[in-house]
Asks: 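One structure, as structure tokens, below. Some questions next.
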Amino acid sequence: MSHPHGPLKQSSLSADLRADEKQTNFLAISAEDYEKFRRKIVKEEQPDSVSRGIPLKPSDSQCRAIEVMCAGIGVVLLEVFAGRRPASHVSKWLSKECQQRVVLRSKVTANSLRRKYARVPLNHSPFAPQITMPKTRRAKAQKISPTVFEVSLIMQDYARVRAMALRVEKVFSRWQITEIEIA
């Protein structure tokens, strides 16, 4: 039987493996022969050295810390807008102007969402309808300057998936959110 990519060299096998090969029409080859054949088909070049990866820069670890912080704040913001938390729970992380906008928006959205979600008890019974709490699906921070980051979040809010953008600035020695956009 000829192979479509050329003849393959058969390794030395025991008699029982050869008998099994005849019954199933499989060709047993050694790992080295298979690797040579695979390289010939895929046209891969063997790497000269093994790559150990690129070490993280300090800004990369700082981006990750900002992403984690904003992921938690994003969940709290969605709970504030749904009327499950007071706006004062996020005041620590927001600038004064941003805090005022959050309070205003929470009053507007909480009235409509409160009727639907806020009075439904969070019952963990398997027979009760479940309300999923907000969660962060993805967070990505981009460094704008040494003291400014912009973070994009994909949030799951009850039955919807929302996009959220935050601008985070370092004020004195603390990170504060100065802008919030929610879609």
Side-chain angles (χ1 to χ4, degrees), residues 42 44-45 47-183:
V42 180
E44 282 186 350
E45 305 236 345
D48 295 336
S49 65
V50 177
S51 174
R52 303 262 184 229
I54 300 170
L56 290 176
K57 298 176 187 173
S59 64
D60 292 338
S61 62
Q62 193 175 26
C63 279
R64 184 67 190 138
I66 296 291
E67 288 169 359
V68 170
M69 178 188 84
C70 289
I73 293 171
V75 170
V76 174
L77 282 169
L78 291 180
E79 290 175 351
V80 167
F81 296 145
R84 290 205 174 265
R85 285 184 186 242
S88 62
H89 283 192
V90 289
S91 62
K92 174 181 172 182
W93 296 292
L94 303 177
S95 66
K96 290 199 185 291
E97 300 83 21
C98 195
Q99 173 70 18
Q100 291 170 352
R101 288 193 303 264
V102 166
V103 168
L104 180 65
R105 178 165 176 159
S106 69
K107 288 178 183 174
V108 172
T109 57
N111 288 334
S112 63
L113 291 175
R114 187 176 291 128
R115 283 184 234 117
K116 189 171 184 181
Y117 294 114
R119 296 219 169 103
V120 177
L122 293 176
N123 189 352
H124 295 289
S125 166
F127 303 108
Q130 296 294 314
I131 294 177
T132 58
M133 298 308 288
K135 63 181 175 181
T136 305
R137 285 189 165 191
R138 180 170 296 153
K140 182 66 180 161
Q142 178 70 41
K143 188 174 190 177
I144 305 301
S145 73
T147 60
V148 178
F149 283 85
E150 287 187 351
V151 182
S152 60
L153 301 169
I154 305 295
M155 306 292 296
Q156 179 148 7
D157 178 18
Y158 305 105
R160 297 178 62 184
V161 176
R162 299 173 181 262
M164 189 181 293
L166 307 173
R167 186 175 183 94
V168 184
E169 296 180 10
K170 193 168 194 174
V171 178
F172 300 110
S173 62
R174 217 176 66 180
W175 291 101
Q176 275 193 335
I177 297 172
T178 56
E179 293 290 332
I180 297 175
E181 294 293 329
I182 301 174

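Remember, it's a predicted structure, so these values are computed and weren't measured experimentally.
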Asks: For Val90 and Gln99: C-alpha separation, side-chain torsions, deciding distance, then whether side chain to side chain contact (heavy atoms under 4.5 Å, CB included) applies.
Replies: CA-CA 8 Å; Val90 289; Gln99 173 70 18; 4.1 Å; yes
Asks: For Trp175, enumerate each residue passing the ring pair (Phe, Tyr, Trp, His ring centres under 6.0 Å) test, keeping only those at least two apart in sequence or located in another chain.
Replies: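 Testing Trp175 for ring pair (Phe, Tyr, Trp, His ring centres under 6.0 Å), a comparison that skips the adjacent residues, returns Phe149.
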Asks: Show me the pairs that pass salt bridge (Lys or Arg N to Asp or Glu O under 4.0 Å) and involve residues 91-103, at least two apart or across chains.
Replies: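 The answer is Arg101-Glu179.
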Asks: Using every non-hydrogen atom in the two residues, find where Ala141 and Cys63 come nearest and quote the distance to one decimal.
Replies: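 Between these two residues, the closest heavy atoms are CB-O, 3.7 Å.
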Asks: How would you list, by chain and number, every residue that makes a side-chain contact (heavy atoms from CB on, under 4.5 Å) with Glu181, sequence neighbours excluded?
Replies: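 Residues passing side-chain contact (heavy atoms from CB on, under 4.5 Å) with Glu181: Ala165.
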Asks: My understanding is that only residues two or more places apart in sequence, or in another chain, count here; which of them pass side-chain hydrogen bond (donor to acceptor under 3.5 Å, both in side chains) with Gln176?
Replies: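 Residues passing side-chain hydrogen bond (donor to acceptor under 3.5 Å, both in side chains) with Gln176: none at all.
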Asks: Let me confirm one number: the CD-CG distance from Glu67 to Leu153, rounded to the nearest 0.5 Å.
Replies: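 So the CD of Glu67 and the CG of Leu153 are separated by 9.0 Å.
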Asks: Are Ile66 and Lys143 packed together at the side-chain level, in the sense that at least one heavy-atom pair is separated by less than 4.5 angstrom?
Replies: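 Answer no - side chains too far apart.
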Asks: Looking at side-chain heavy atoms only, is the closest gap between Ser95 and Ile177 below 4.5 Å?
Replies: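 Of all side-chain heavy-atom pairs linking Ile177 with Ser95, none is under 4.5 Å.
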Asks: Side chains of residues 70-82: which donor-acceptor pairs under 3.5 Å do they make with residues two or more places apart or in other chains?
Replies:
from, atom 1, to, atom 2, distance (Å)
Glu79, OE1, Arg85, NE, 2.4
Glu79, OE1, Arg85, NH2, 3.3

Asks: Of all heavy-atom pairs between Leu94 and Cys98, which one has the smallest distance, and what is that distance?
Replies: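 Distance-wise, the nearest heavy atoms are CD2-SG, 4.1 Å.
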Asks: Gln156: what forms a side-chain hydrogen bond (donor to acceptor under 3.5 Å, both in side chains) with it, not counting sequence neighbours?
Replies: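 Applying side-chain hydrogen bond (donor to acceptor under 3.5 Å, both in side chains) to Gln156 gives Arg137.
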Asks: With sequence neighbours excluded, what pairs up with Ser145 under the side-chain contact (heavy atoms from CB on, under 4.5 Å) test?
Replies: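 With neighbours one apart ignored, the set is Thr147, Val148.
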Asks: Determine which pairs satisfy salt bridge (Lys or Arg N to Asp or Glu O under 4.0 Å) with at least one residue from residues 163-175, sequence neighbours left out, and list them in order.
Replies: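 Output for this query lists Glu150-Arg167, Arg167-Glu169.
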Asks: So, taking the atom named CZ in Arg105 and the one named CD1 in Ile180, what distance separates them when rounded to the nearest 0.5 Å?
Replies: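 Arg105 atom CZ to Ile180 atom CD1 measures 9.5 Å (nearest 0.5 Å).
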